[in-house]
Amino acid sequence: MSNEEKLLELSRSLTGLNRTCSNELLKGEGIHFGQPPIFHALLKQDEQSQCDIAAAIGVSRASVGVSLRRMEKGGIVKRVINQKDSRYNLVSLTEKGRALAQRSEDIMIGMTKETVKGFTSEEVDTLVDLLSRLEANMKALKHSDAPVEDED
């Protein structure tokens, strides 16, 4: 098996494990799996449009819309008319939402700490550097019009 094939398998496995572990940790808190990225975006900058949130977390506006409707019904977020452009609303966290968002961040940070348990600080630094480069390559690929081909 080539290193590229191994990387693909690891990527698939880690994606699934991340989702499974996150779901397990969050469900007891009443936090749905899709909410932590929205929480994170709104903690970084409150009062964002649905479009801005979708762009920040890399999913479709429709997907964010489904989550936001659920969160609004649960009293987690509220929508207010944008004073600068009344054609769309801005989303912000309620007091309940801010508390859940902070709890979500704490859980996700705790999970991240567990995933690198036993790593030295140097290994974690190296991992962060490598994953940052991987992320940059993927972002460049996302914005590229060139088809992806096998270079063998």
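In what follows, every heavy atom counts, from backbone to side chain, and hydrogens, waters and symmetry copies are set aside.
Side chains of E5 and L8 form no contact here, defined as non-hydrogen atoms less than 4.5 Å apart.
More than 12 heavy atoms of other residues, nucleotides or ligands shown are found within 6.0 angstrom of CZ on R79.
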Derivation of the side-chain contact (heavy atoms from CB on, under 4.5 Å) call for V80 and N89: CA-CA 5 Å; V80 296; N89 294 329; over 6 Å; no
Chi angles and distances behind the side-chain contact (heavy atoms from CB on, under 4.5 Å) call for L26, M108: CA-CA 9 Å; L26 296 169; M108 299 309 289; 4.2 Å; yes
side-chain contact (heavy atoms from CB on, under 4.5 Å) evaluation trace for Q102 with R98: CA-CA 6 Å; Q102 192 54 62; R98 188 161 303 284; 5.9 Å; no
Check against salt bridge (Lys or Arg N to Asp or Glu O under 4.0 Å), E72 and K78: CA-CA 6 Å; E72 193 171 25; K78 62 183 175 185; over 6 Å; no
CA sep, side-chain torsions, deciding dist, call: S60, V64, side-chain contact (heavy atoms from CB on, under 4.5 Å): CA-CA 6 Å; S60 71; V64 170; over 6 Å; no
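Checking side-chain atoms of S11 against main-chain N and O of L7 turns up no donor-acceptor pair under 3.5 Å. No donor-acceptor distance shorter than 3.5 angstrom exists from the side chain of E9 to the backbone of K6, with no hydrogens or angles considered. Using a distance-only test at 3.5 Å, with no hydrogens or angles considered, no donor-acceptor pair links the side chain of S63 to the main chain of V59. Side-chain atoms of Q48 come within 3.5 Å of backbone atoms of A41 as a donor-acceptor pair (strictly under, hydrogens ignored). A donor-acceptor pair under 3.5 Å links the side-chain atoms of K96 to the main chain of G74, judged by distance alone.
Of the residues listed (I57, I76, V77), the one engaging F39 in a side chain to side chain contact (heavy atoms under 4.5 Å, CB included) is I76, and it is the only one. The only option from L100, L42, I38 that meets the side chain to side chain contact (heavy atoms under 4.5 Å, CB included) definition with L93 turns out to be L42.
Counting only N and O atoms by type, the side chains of S49 and D52 include a donor and acceptor under 3.5 Å apart.
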